Amino acid sequence: MAKDEDKIIGDLTSSDYKYGFTTDIEMEFIPKGLNEDIVRLISQKKNEPEFLLEYRLKAYKKWLTMEMPDWGHLNIPEIDFNEIIFYAAPKKKKELESLDEVDPELLDTFNKLGISLEEQKALSGVAVDAVIDSVSVKTTFSDTLAKQGIIFMSFSEAVQEHPELIKKYLGSVVPIGDNYFTALNSAVFSDGSFCYIPKGVRCPVELSTYFRINAANTGQFERTLIVADEGSYVSYLEGCTAPQRDENQLHAAIVEIITHKDAEVKYSTVQNWYPGNKEGKGGIFNFVTKRGLCEGDNSKISWTQVETGSAITWKYPSCILKGNHSVAEFYSVAVTNNFQQADTGSKMIHLGKNTKSTIISKGISAGKSHNSYRGLVKINSSAENSRNFSQCDSLLMGDRCGAHTFPYIETNNPSSIVEHEATTSKISEEQLFYCQQRGISNEKAIGLIVNGYAKEVLNQLPMEFAAEAQKLLSISLEGSVG
Amino acid sequence: MLSIKNLHVSINGKEIIKALDLEVNAGEVHAIMGPNGTGKSTLAAVIAGREIFEVTEGEILFEGKNLLEMPIEDRARAGVFLGFQYPIEIPGVSMTNFMRTAIDEIREYRGEKPMTAGEFLKYMKEKQKLVELQSKLSGRSVNEGFSGGEKKKNEIFQMAMLEPKLSFLDETDSGLDIDALRVVANGVNKLKSPDNATVVITHYQRLLDYIVPDFVHIMYNGRIVKTGDKDLALVLEEKGYDWIKKELGEELN
Ligand SMILES: Nc1ncnc2c1ncn2[C@@H]1O[C@H](COP(=O)(O)OP(=O)(O)OP(=O)(O)O)[C@@H](O)[C@H]1O
Ligand SMILES: [Mg+2]
């Protein structure tokens, strides 16, 4: 066993990041560092209405009074905010009409990622709002969607075209001062996506956004806002991978979801930011606040995430179950390898009656990494007959990694039921032997077993995304042998 | 096909197999019988390449190649199959996916083109029929929640899928009801060809009514102490292992 494990650990730790490449697209920068003038400059460059500038300034002032959170099971290096460039936009040459006009380098990048816009457009019917750094480069399908009244565009565009919706919903789920990173994001957010599904509309395609960090020293502060009006439905995909580089990069995104009565939003993420090298150098710091509000009765929000990247992941997609009979789900696979650190989980806040939440978390730790599940289930006194079921499993590969579980449960209503189950397991030598005896290599066997372990979560993903995620899981744990 | 000479195997310094010799040729069926704990499963595991066992002396040649120098998966790809006494469960991995992965890897090793999904499904259906395996089992996770008998049948199904040259079936008959026993035995017989060989490890003579062996070996205390034809199994059934012990004692004296 010992020999086998050493080999596996060796293989894993020598696995290299597959998507490490950069594109040379001309960038336009503003000076490094953060102060009130920078905040004003960002707002001015984006030609924002007054209310948004005020929002940003308020957030900036709040941020100044706050401190980096230190309660995570994480070792976070000092971040020098004066060294960060808070805004970068690819230089616009002219308005783009079709894909032919998109920078070929950019198209090539998408091709390397296996997410060519053309293919997406032609084959899968997915509307892609590709975000390179801070400004959205190309939005497809928006015309088709517009016919149904669906709004799907970059956040900046939405600010110009639908300021009333932005004003109404921005910060309504994640308040400015929620935490250090939400204050920061609210002050300097660059761009992101906005999505509005009108009453009774079922969005006919899966909406997807691909994020990339692409300029050295540029913090990424994405802002996503999804509003599902009464009786509507949308499945939204977010996937990302970042180029390989040496300096650490800060990423502090906010995603807000609001579902009105009888509406449903399914939000799926595959997160594959650059995790740093084998020695733990470089990699993205990923501090994300994602929260959904089941505002109306019978509404539903489900988060599915596959987290394989980033040097540090700090992320707790959460739901506030306000409407009666509302339903919330969180399905997560988090892989950490080498020196990666992840502190992730979910918060389910039950306010409405007969609300129901489910948490399925699968952690996979390898190398010298640390993987923590942190979750809060809170049943308010008003949440009669509410239920939560949480299942938190950890899979350890080798004995130099760590898995930790921090479940917090607060029930203030005796008619509610909260169940929590947790397991820790290892890939057994018997399982590997069985696979190998059938001719399957050690590496492939690990891929199979890990994907099997995570199946419950992967099954929640839309089909094409699931295949990509499966590959990603194997790749993240793959060695460079042979 | 398989030639084992003077094999010694230890685990944690304890010698389990002692000076074992065995020759198996293509087209032959062998049966190995012997009391509990005499090293039958150990022998099969060493041939398959289980690393916890240490080979301290001797050699194993498979088609002239030194098997002991080959990694586990290469032995399998070269045609060595082990039917496990206790099949392993792999949650979340469907039998179909498991077999697909195995066959892809084996074909790649042999320089053959991968099967298309259609070809694979057709091939799998044929093999399911051959071993009378319910097709619903292949949709389920590998061995997870399978009954004892289903697990054993599933081993034969995998053998049918992988078409090995040399199969060691470790107590594949244990825990089977009469019908399942017949199914398993029929499967093995149908898969028999002049180019492959099967070694069944069993405690029960009744299996040998269905799978008629060319040789029966009695293993005792880490070595093969007696070899005969199928009638040896009948004698053993009648007289029990005391007879062997006595005979051995006499030999030793
Ligand atoms: N992993 C192990 N660690 C320690 N001892 C072992 C291990 N595996 C096998 N042994 C010992 O080796 C001896 C032979 O075991 P083996 O399983 O090969 O016997 P067997 O002939 O197959 O018996 P049975 O008929 O009960 O299946 C036994 O004494 C057993 O306890
Ligand atoms: Mg045995």
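Everything quoted here is computed from the prediction, not taken from an experiment. Numbered from 1 within each chain, the chains take letters A, B, ... in sequence-line order.
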**Request:** Flag the one option from S141(B), P164(B), P91(B), G49(B) with the top tally of heavy-atom pairs under 4.5 Å to chain A.
**Result:** P91(B)
**Message:** Given heavy-atom pairs under 4.5 angstrom as the criterion, report whether the side chain, backbone, both or neither of L162(B) touches chain A.
**Reply:** side chain
**Distance-only donor-acceptor check, side chains Q271(A) and S310(A), under 3.5 Å** = yes
**Message:** Can you see whether Q341(A) engages D343(A) through a side-chain donor-acceptor pair at a distance of less than 3.5 angstrom?
**Reply:** no
**Request:** Enumerate by number any residue of residues 111-128 of chain B whose heavy atoms lie under 4.5 Å from heavy atoms of chain A; in the absence of such residues, state 'none'.
**Result:** none
**Prompt:** Charged N to carboxylate O below 4.0 Å: is that the case for R50(B) and E429(A)?
**Reply:** yes
**Complete:** Heavy-atom closest pair (E456(A) atom, Q460(A) atom, distance to 0.1 Å) is O-CG, 3.6 Å
**Prompt:** Under a 4.5 Å heavy-atom cut-off, does chain A meet the side chain of P87(B), its backbone, both or neither?
**Reply:** both
**Message:** Is the distance from the ring center of Y267(A) to that of W303(A) below 6.0 Å?
**Reply:** yes
**Prompt:** Picking from I103(B), D104(B), N143(B), which has the most non-hydrogen pairs under 4.5 angstrom with chain A?
**Reply:** N143(B)
**Prompt:** For residues 62-78 of chain B, which residue pairs qualify under side chain to side chain donor-acceptor pair (under 3.5 Å), counting only residues two or more places apart or in two chains?
**Reply:** Q436(A)-E73(B), E63(B)-K165(B), D74(B)-R77(B), R77(B)-E105(B)
**Prompt:** Below 6.0 angstrom between ring centroids: does that apply to F84(B) and F433(A)?
**Reply:** yes
**Item:** Contact class of Y86(B) relative to chain A, heavy atoms under 4.5 angstrom
**Value:** neither
**Request:** Using the ring of Y434(A) (Phe, Tyr or Trp, six-membered ring only), decide whether R438(A) places NZ or CZ under 6.0 Å from its centre and within 45 degrees of its axis.
**Result:** yes
**Message:** Quick check for you: to the nearest 0.5 Å, what is the distance between I156(B) atom CD1 and L191(B) atom CG?
**Reply:** 7.5 Å
**Request:** Please state whether the side chain, the backbone, both or neither of Y453(A) comes within less than 4.5 Å of a heavy atom of chain B.
**Result:** backbone
**Item:** Contact winner vs chain A - P71(B), A48(B), A78(B), S94(B), heavy-atom pairs under 4.5 Å
**Value:** A48(B)
